[in-house]
Structure formats: C-alpha cells, structure tokens
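This report concerns only the one structure given below.
Note that the structure is a prediction, hence the values are computed from the model and not measured.
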Amino acid sequence: MRQSQLFSTTLREAPSEADAQAASHRWLLRAGFIRPLGAGIYSLLPLGFRAARKIEAIIRAEMNAIGGQELLMPVMHPADLWKETGRYYQIGDEMGRFRDRVGRDMVLAMTHEEVVTDLVRKEIRSYRQLPQLIYHLQTKWRDDPRPRAGLIRVREFTMKDSYSLDADWEGLDKQYRAHYQAYFNIFHRCGLDVIAVNSDVGMMGGKLAHEFMYLTPLGEDTLILCDACGYTANRQVARLRKPPAPGATGERGAAAPAEPRPLEKVATPGVNTIKGLAEFLNVPAAQTAKAVFLMATVTEGDQDVDKFVFAVVRGDMDLNETKLGNAVQAKDLRPAREEEIRAVGAAPGYASPVGLNPDKMIIVVDDLIPAAPNLVAGANEAGYHLLNTNYGRDYTAHLVADIVAAEAGSACPECGTPVRAERGVEVGNIFKLGTRYTNALGANYLDKDGQSKPVIMGSYGIGVGRLLACVAEAYNDADGLCWPVSVAPYQVHLMRLPGGEAAADDLYAALGRLGLEVLYDDRDERPGVKFKDADLLGLPLRVTVSERALKAGGVELKRRGVKDSRIVPLAEAAGAVQQEIKDLEAALGQRVAPVPYRE
RNA sequence: CGGGGCGUGGCUCAGUUUGGCUAGAGCACUCGGUUCGGGACUGAGAGGUCGAGCGUUCAAAUCGCUCCGCCCCGACCA
C-alpha cells in the first residue's frame with residue numbers, strides 16, 4: 001500500500017476528547033486507526049480495520065481448530081424471540097428497541113443466544129447431530145449508559161460469539177475446556193497476556209463462567225488474585241475465607257463459644273458509622289453488624305415487584321451487591337432511598353432487623369452473622385444501639401448467604417493466604433449456559449432412547465475492538481504504537497527518502513512478490529515527518545532506503561521500539577526483511593502454550 | 001440517571017468575565033520559492049450558520065431561557 005494513497009491522516013495533537021483517557025485511545029486516534037462518530041461509536045479507518053481483520057483471522061483459525069463452523073446471524077431480531085426467553089423484559093434501556101414499518105417490535109442484537117437457539121430448535125432433531133460448535137463475528141449494540149476509554153468500552157462493537165451444542169454435560173465440559181485453551185491461544189497470538197478468572201453469569205444466566213482479563217489499572221473490573229495457590233476471581237463473585245468473629249466458635253484462643261448475653265440498649269448520640277461506633281463503644285468493628293438497604297426488583301409470578309432488602313454484614317466487611325443480587329434473584333438492585341428505609345421502620349445509621357416486621361422486607365444476613373455472637377447493632381432509633389444482638393434469638397433472616405466482598409488482604413478461600421486485588425479489562429468470556437435458553441425456546445433433540453431432551457449450550461465471546469484496544473494499550477511508548485507483528489496492519493513500513501527513490505520502488509515490488517504486507521511511505525514529505533509518522537503507526541519493521549543508507553552499503557532495517565538498526569545490502573534486503581518478519585512471528589509464537597484448566 | 005466540564009475553520013486553542021471595529025492564532029490544507037535523516041523556513045491563498053432554537057438589545061461568539069452533542073467522576077456494566 002502506498003501511503004500517499006492511504007485514506008487516513010495522522011494527527012499532530014490528540015483531539016481533546018481523548019484527554020485523560022487511555023493511551024490506546026489517544027494513539028489510535030492520532031495514528032489514524034479510528035475516528036469517533038458518537039458516544040461509544042467508532043469508525044475503523046483502513047489501518048484500524050486491517051488490524052481488526054488480523055485479530056479476526058486469528059480468532060477464526062483458533063475457532064476452526066476446535067471444530068467451529070462459521071455462520072452469520074442477523075443484527076435485527078423480532079422482539080418476539082426475546083419475549084420468549086423473557087430477556088425482552090429483563091433487560092432495560094441497554095437494549096436497542098424499535099418498530100418496523102408495520103409496527104412489529106424489533107430489537108438490535110446485544111448477543112445471539114436467542115437466535116442461535118431458534119436455529120437449534122429448527123435444525124437439531126437428533127443426538128446424532130450433536131455435538132456442534134457454531135460461531136460468527138457480528139455487530140452488537142449495547143446502549144451502555146457510559147461508554148469510555150475509546151474502544152475499550154463502546155456501544156456498538158464487533159464480537160466473536162460461539163455457541164456449543166451438546167447432548168450431555170460431559171460434552172459441554174469438553175467444549176468449554178476447548179474454548180478455555182483456544183482463548184488463551186488467541187490472546188497469546190495477539191501478544192496479549194491475560195488471566196482467566198471465575199466470574200458472575202450476569203444477564204447470560206447459566207452455571208459457570210470465566211472471564212479473560214487483561215490486567216491494567218484502566219480496567220473496570222476488580223479481580224481477586226491469590227499468588228500462593230493461583231485462585232483468581234472477579235471481585236463480583238470472589239469468595240473468601242472468613243475470619244471467625246470475636247467470641248465465636250473457633251476463634252483462636254477461645255476455649256468455648258461465648259454465651260449469648262442479654263440485649264442492652266445504649267445511647268450512642270451522633271454515632272452513625274461503624275468506625276464511629278467501634279471507637280465510641282471501644283469494641284472491634286468485627287463485633288458490630290452493618291446494615292445496608294437496597295431495593296430489589298424481583299419477579300413474582302409473571303410480574304416484577306420492588307422489594308426492600310435489608311442486608312446485614314459484619315461491621316468490618318463490605319457488602320458485595322452482586323452476591324446479594326444473586327441471593328435474592330434480583331433483576332435489578334439499587335440503594336434504597338431514605339424514605340424507603342424509614343417506611344419499614346428502620347432508622348438510617350441506627351438500624352438492625354431486631355424488632356422490624358419481616359413481612360415488609362427480605363432480610364439477608366451474611367453467613368458469618370449466625371456464627372458471630374453478641375454483635376452491636378442499631379436499635380432502630382436515632383442515637384441508640386443494641387449490645388449483644390444474636391442471630392436466631394433476636395431476629396432471623398429470610399436468607400443466610402455469603403454476601404460480603406473480598407478485597408485486597410482477604411484470606412484466599414482455597415488456601416487462606418492474603419489475596420491481591422488488581423484491575424482488569426474483560427477481553428473474553430466463556431459461559432456454561434446449560435439449558436437456560438434451550439428450555440425457554442424448546443430446543444430439544446431425541447436421545448438414543450427416543451427421549452426428548454433440551455440441547456445443552458455454552459456461549460463464548462470475544463470483543464474484537466476491545467481486544468485491539470488492549471493490544472494497543474499493552475504495546476505503545478512515548479512515540480506511538482508498537483504493534484506485535486500478528487496484529488500490525490502491515491508488517492513492514494518502507495520509507496522512501498531522497499536519493500533512494502529507485503531502489504525503494506524496486507524493493508517495494510520485491511517485498512510484494514514475497515507476499516509481505518508493506519506500507520510504502522512514498523510521500524513527498526521531509527524525513528522527520530516520515531519517521532515521526534512511522535513511530536506513530538508502530539509497524540514492527542521499518543526499512544529505510546535513502547542516499548545515506550545506500551552510501552553506507554544498502555538499506556536500513558530497524559525494529560519498532562528497538563534503538564539499534566542495521567544496514568543490509570540492497571540485493572539481500574528483501575530476504576532479510578522476510579527473515580526479520582519470520583523471527584518476529586516466531587518470537588510471538590513462543591507465547592502460545594497449553595494453560596492448565598482451573599475451574 | 002446524579003455531579004462536574006466543554007462546544008469558535010480538519011486538529012489544538014484565544015476571544016465570552018465587562019455585549020460594540022472586518023471573528024483571530026498555531027498546526028494541517030492549496031499554489032510558488034528555499035530546504036531535505038527525527039513533525040523546516042518563507043510568500044500568497046482557501047476554509048467558520050461561533051452546537052441549535054427562542055429571547056433581551058440599536059447591536060450577541062459574548063447576556064437569559066430551552067434543547068442537543070461530547071468528555072470526565074459516580075451510579076451502571078456478559
């Protein structure tokens with residue numbers, strides 16, 4: 001490709017919209033890979049599109065290698081299908097909805113479980129047709145309330161989503177594990193280091209899920225990592241080994257569990273925080289109970305109702321809303337407003353379930369609470385607390401569940417070692433859906449015994465643009481991008497400088513004959529401009545043909561990001577370039593290796 | 001959705017507080033000249049409904065109201 005013909009320009013300054021944002025965003029804009037159209041909506045310019053195509057080719061190769069068959073499903077779906085699975089009602093404004101010309105409800109694809117399952121119920125009759133793996137690369141629309149950081153979080157994006165279809169759970173497990181490894185291969189081939197973490201199933205529903213995370217402070221997810229045993233999880237679902245409460249059975253040095261002591265009401269004027277309470281009464285925060293109030297939208301029968309949720313965790317811990325939401329099977333969860341709290345008889349800052357009417361709410365206590373005797377809790381009266389509240393004696397809950405958040409320093413649920421917390425961007429995920437969709441849509445097959453059974457599904461996604469952005473995030477320096485050869489829009493950046501015109505033209509042709517992908521900077525620009533642009537674009541190998549280089553004995557080869565360059569005789573240049581690219585590819589290939597599966 | 005910020009040539013911004021000459025600069029772009037290995041210099045140009053609408057005023061980029069868009073923080077988020 002002759003750069004003089006390239007449809008994009010570099011920017012000397014980053015547009016202000018990229019201020020304070022991700023480095024990947026600034027460089028992709030400046031280097032002319034992407035252009036914004038609206039909030040969270042981007043065009044890929046030729047360079048960006050080529051890089052995305054490279055990623056897609058890697059994805060296709062790895063999907064095909066595990067038996068995937070590519071197809072293509074529509075972006076616009078009749079809403080009826082989404083009504084059948086209920087997600088039409090479960091999902092809020094994030095879903096794009098419109099009507100067609102005759103007034104039929106339509107939706108824009110957020111994902112394709114519904115459509116896949118509809119295909120399955122129409123095509124799959126027999127166990128003999130299973131297992132299957134189908135995938136496509138298709139546009140998704142998710143009307144995210146807050147797009148940010150360039151391509152990292154957008155509203156319209158291309159996603160590879162694959163769907164496994166099996167007759168039994170063993171088959172699902174096999175395909176799930178195949179994806180687990182294939183995903184590592186994909187990311188490694190792109191030069192990106194990721195970790196797999198246990199994750200929440202969220203709106204997908206299902207049984208088990210992993211997310212593939214690129215670790216960066218830019219990430220929006222918090223991950224809990226144990227260096228000792230390798231436990232990894234998204235904070236949303238991270239378990240933790242809970243420390244025993246003071247006075248509880250099993251507390252170190254405690255001869256026997258503390259006996260419940262009588263309730264006692266004490267004045268605690270102006271003390272409405274756990275910290276203040278612990279100081280005021282001179283007890284550890286672990287000896288207190290923290291109350292958190294939320295409004296949950298839950299489905300009762302065929303309608304949604306808002307329920308007041310009274311959550312209780314030990315004072316030294318924080319509530320994990322995802323865990324709580326899952327515990328009460330909430331479609332939606334939001335903090336309760338003060339008037340809603342007062343309406344059930346609780347006093348904000350001084351609340352506990354003691355003495356409240358359990359019919360007005362869902363009381364959920366963390367599973368540590370029943371094992372923690374004599375906690376200080378609110379008296380539901382401003383300025384007063386209760387000493388020695390005991391679960392079971394003074395109040396009970398509708399649910400006892402693990403609802404506290406793991407954080408840095410929490411004990412690992414597997415080995416007890418203090419865990420680390422890191423931020424990460426989710427570049428891929430895999431879900432064991434099970435029969436969530438095939439049941440809802442009646443996608444059944446006949447097994448060997450003639451029994452009708454639902455097909456067992458898995459779904460597996462990778463965001464192409466987000467992956468591109470993460471690679472850009474991982475590979476840039478003060479001068480611009482530094483693409484891994486597998487993702488770079490072109491392998492070679494050939495610079496034609498004064499005195500080297502004829503030789504450069506010849507070399508461009510020769511490299512083309514070798515099948516190399518070359519961006520040929522044939523522009524009539526000053527050398528400084530061309531070098532700056534070359535650094536900005538970040539192609540892995542730069543080849544300079546100039547009077548100076550020719551006088552020095554040939555052409556100059558330089559890897560992006562490496563200071564040193566070397567002169568190669570003109571006659572050997574094409575071969576040397578080819579070898580350099582092979583070397584770069586080989587180095588990247590070293591990254592691809594089996595990764596142990598971790599449930 | 002809450003809080004904050006911004007909207008002036010393609011890009012970065014000045015001008016808005018205190019209304020008033022013809023709306024400016026740098027970069028980029030076009031043509032010419034000098035340059036030519038790390039974002040040159042110079043001469044001449046082209047390019048703007050000052051986000052939109054309504055209003056106040058003799059007069060609005062500037063003041064008021066309404067709306068729209070974008071960015072940041074939060075809520076949210078396979």
Can you check the distance between [N] and [M], where both ends of the measurement are the [atom1] atom (answer in whole Å)?
| N | M | atom1 | answer |
| --- | --- | --- | --- |
| U35(B) | A25(B) | C1' | 25 Å |
| C68(B) | G53(B) | C1' | 10 Å |
| A40(B) | A28(B) | P | 8 Å |
| G10(B) | U30(B) | P | 16 Å |
| U8(B) | C13(B) | P | 10 Å |
| U57(B) | G9(B) | C1' | 29 Å |
| C41(B) | C27(B) | P | 7 Å |
| A23(B) | A61(B) | P | 9 Å |

We want to know whether [X] and [Y] form a side-chain donor-acceptor pair, criterion being a heavy-atom distance below 3.5 angstrom.
| X | Y | answer |
| --- | --- | --- |
| D161(A) | Q138(A) | no |
| T222(A) | R423(A) | yes |
| S199(A) | H210(A) | no |
| Y183(A) | Q181(A) | no |

Could you check which nucleotide pairs with [N] in any of the strands shown, counting Watson-Crick or G-U wobble with both distances under 3.5 Å?
| N | answer |
| --- | --- |
| G24(B) | C13(B) |
| C6(B) | G69(B) |
| G74(B) | C1(B) |
| U34(B) | A40(B) |
| G45(B) | C29(B) |
| A60(B) | none |

### RNA chain B: 5'-proximal contact among T10(A) and I462(A) (nearest heavy atom)
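The answer here is T10(A).
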### Query
Pick the nucleotide of RNA chain B nearest each of R153(A) and A39(A); which residue has the one closer to the 5' end?
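Result of the comparison: A39(A).
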To the nearest Å, how far apart are [X] [atom1] and [N] [atom2]?
| X | N | atom1 | atom2 | value |
| --- | --- | --- | --- | --- |
| E321(A) | G74(B) | CD | P | 15 Å |
| N234(A) | C77(B) | CG | P | 12 Å |
| L497(A) | A40(B) | CG | P | 13 Å |
| M213(A) | C77(B) | CE | P | 14 Å |
| D524(A) | U30(B) | CG | P | 11 Å |
| I91(A) | C76(B) | CD1 | C1' | 14 Å |
| D521(A) | G39(B) | CG | P | 15 Å |
| M495(A) | C36(B) | CE | P | 18 Å |

Looking at [Y], is its backbone amide N or carbonyl O close enough to the side chain of [X] to form a donor-acceptor pair, meaning the two atoms are under 3.5 Å apart?
| X | Y | answer |
| --- | --- | --- |
| Y180(A) | E599(A) | no |
| Y508(A) | D521(A) | no |
| K160(A) | Y460(A) | yes |

Give one of base, sugar-phosphate or nothing for [X], where a contact means two heavy atoms less than 4.0 Å apart.
| X | result |
| --- | --- |
| E556(A) | base |
| Y460(A) | nothing |
| D533(A) | base |
| A534(A) | nothing |
| R466(A) | nothing |

### Query
What about R148(A), does its side chain sit under 3.5 Å from the base of C71(B) through a donor-acceptor pair?
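Check fails, no donor-acceptor contact within cut-off.
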### Message
Looking at the base of C11(B), is there any donor atom on it, or on the side chain of R30(A), that sits under 3.5 Å from an acceptor on the other one?
### Response
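No such pair is found, so the answer is no.
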### Message
Check this for me: Y88(A), atom OH, are more than 12 non-hydrogen atoms of other residues, nucleotides or ligands nearer than 6.0 Å?
### Response
yes
#### Entry: Lys NZ or Arg CZ of K140(A) over F157(A) ring: under 6.0 Å, within 45°
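The answer is no; the distance or angle limit is not met.
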Polar atoms only, N or O, under 3.5 Å: list the protein pairs with nucleotides 27-29 of chain B and their distances.
{"unit_1": "A28(B)", "atom_1": "OP1", "unit_2": "R12(A)", "atom_2": "NH2", "d": "3.0"}

#### Entry: Proximal nucleotide (of C77(B), G39(B), C70(B)) relative to the L536(A) side chain
G39(B)
### Message
Can you classify the ring geometry of F212(A) versus F184(A) as parallel (below 30°), tilted (30 to 60°) or perpendicular (above 60°)?
### Response
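Perpendicular: the ring planes of F212(A) and F184(A) meet at over 60°.
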